[in-house]
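Not measured: the values here are computed from a predicted model. A note on names: the letters A, B, ... follow the listed sequences, proteins ahead of strands, and every chain is numbered from 1.
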There are 2 protein chains.
Amino acid sequence: MPRYGDEECCDMRGMLGFLILFLLSKKPMHGQEIADELAKRRGDKPSPGTIYPALKSLKYAGFLREEEKVGKTITYSLTPRGMKAFHIAKRRFTRTFLGVLS
Amino acid sequence: MPRYGDEECCDMRGMLGFLILFLLSKKPMHGQEIADELAKRRGDKPSPGTIYPALKSLKYAGFLREEEKVGKTITYSLTPRGMKAFHIAKRRFTRTFLGVLS
DNA sequence: TTATATATATCGGATATCCTATATACCTAA
DNA sequence: TTAGGTATATAGGATATCCGATATATATAA
């Protein structure tokens with residue numbers, strides 16, 4: 001039995017990959033940039049142990065690539081395959097949550 | 001390593017509770033009604049083993065209650081606590097996914 | 001050179017989601 | 001009263017998400 005918090009109905013898991021693709025669809029970013037943007041949106045900053053494995057999985061799937069590397073800072077961008085995956089996921093997202101925002 | 005499908009970036013887990021609260025915030029429904037509505041939205045119908053444990057958890061958390069029972073058909077509705085949880089989650093959802101739909 | 005801050009990386013594990021399979025209860029029609 | 005359809009229920013387990021702790025590499029400042 002999941003333990004819902006006092007006023008929380010869910011933890012919105014499973015959306016991290018989608019959000020990363022969304023952010024990268026707007027502009028290339030590196031890991032910490034993505035983590036900071038997610039902190040602004042969700043209210044809590046994903047830890048290194050969350051963000052880097054997620055990036056690795058998406059890269060492994062061919063959805064993003066390292067665009068530039070300066071020191072340890074790696075800038076990621078979407079591949080065409082990643083853009084396609086994002087658009088498909090976005091359609092599904094839109095249909096699923098139709099009416100929630102309004 | 002998660003196995004992303006050929007064109008799928010994520011499975012959007014973790015939103016089931018939120019979606020159920022959303023649907024019930026519009027009108028009371030019973031389990032199968034909720035499952036059918038989710039089928040229309042997501043494209044696949046959640047199995048009994050998915051929907052009933054989810055309802056049980058939300059009921060256990062005090063977010064919904066059995067409003068009516070006719071035969072085996074149980075109609076659920078949100079409690080005030082559930083409405084509050086939904087509104088909080090909705091605000092967070094809106095802020096998190098700002099700009100995705102547009 | 002040393003110290004500090006930043007960015008990336010990975011392991012191990014806790015937790016939640018979700019499904020398959022199975023069982024039960026109720027209704028209606030024949 | 002028997003059969004078929006519908007709705008609910010739960011156990012068991014596969015899988016994925018996510019985080020805490022820890023380690024490494026680079027750049028910069030003192």
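In plain terms, the two heavy atoms of B:Thr94 and A:Leu101 that are nearest each other are OG1-CD2, 3.1 Å. When all heavy atoms are compared, the tightest approach of A:Ala54 to A:Leu16 is CB-CD2, 3.7 Å.
Interatomic distance, NZ of A:Lys27 versus CD of A:Glu33, reported as 5.0 Å (0.5 Å rounding).
Scanning residues 31-44 of chain B for heavy-atom distances under 4.0 Å to DNA chain D yields B:Gly31, B:Gln32.
In this structure, A:Thr50 reaches the bases: a heavy-atom distance under 4.0 Å links it to at least one base atom across the strands shown. Within the 4.0 angstrom heavy-atom criterion, only backbone atoms of the sugar-phosphate kind lie near A:Leu16; the bases stay farther away. A:Ile51 comes within 4.0 angstrom of no nucleic acid atom, judged by non-hydrogen atoms across all strands.
The side chain of A:Pro46 approaches D:dC19 more closely than any other nucleotide in the set D:dA9, C:dA9, D:dC19.
Each of A:Ile20, A:Thr50, A:Ile74 was evaluated against A:Leu55; a single residue qualifies, A:Ile20, per the side chain to side chain contact (heavy atoms under 4.5 Å, CB included) test.
In this structure, the CG atom of A:Leu55 is 11 Å from the C1' atom of C:dA9, given to the nearest Å. Here D:dC18 presents its C1' atom at 16 Å from NZ of A:Lys56, a figure rounded to the nearest Å. If you measure from atom NE2 of B:His30 to atom P of D:dT6, you get 12 Å, rounded to the nearest angstrom. Atom OH of B:Tyr60 and atom C1' of D:dT10 are 16 Å apart (whole Å). Going from atom CD1 of A:Ile20 over to atom C1' of C:dT8 covers 14 Å, rounded to whole Å. Summarising the geometry, the separation between CE on A:Met15 and C1' on C:dC18 is reported as 16 Å, rounded to the nearest angstrom. The distance from atom NZ of A:Lys45 to atom C1' of D:dC18 is 16 Å, rounded to the nearest whole Å. Look at CD1 on A:Ile74: it is 15 Å from C1' on D:dA27, rounded to the nearest Å.
A distance of 6.0 Å or more separates the ring centres of A:Phe63 and A:Phe86.
Every residue was checked against the side-chain hydrogen bond (donor to acceptor under 3.5 Å, both in side chains) condition with B:Thr73, not counting sequence neighbours, and none meets it. By the side chain to side chain contact (heavy atoms under 4.5 Å, CB included) test, B:Lys40 pairs with B:Glu37, sequence neighbours left out. Annotation: ring pair (Phe, Tyr, Trp, His ring centres under 6.0 Å) contacts of A:Phe97 (sequence neighbours excluded): A:Phe93, B:Phe93.
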**OP:** Any chance you could lay out the side-chain contact (heavy atoms from CB on, under 4.5 Å) test for B:Met29 and B:Thr75, step after step, and finish with the verdict?
**Re:** CA-CA 5 Å; B:Met29 302 171 87; B:Thr75 301; 5.8 Å; no
Nucleotide N/O of nucleotides 28-30 of chain D paired with protein N/O under 3.5 Å:
none

Pairs under 3.5 angstrom, nitrogen or oxygen only, protein versus nucleotides 21-30 of chain C, please.
from   : atom 1 : to      : atom 2 : distance (Å)
C:dT24 : O2     : B:Lys72 : NZ     : 3.3

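Other residues, nucleotides and ligands contribute more than 12 heavy atoms inside 6.0 Å of the NZ atom of B:Lys90.
A heavy-atom distance below 4.5 Å is found between the side chains of A:Lys59 and A:Glu66. A:Met83 is not listed as a side-chain neighbour of A:Ser25, based on a closest heavy-atom distance of 4.5 Å or more.
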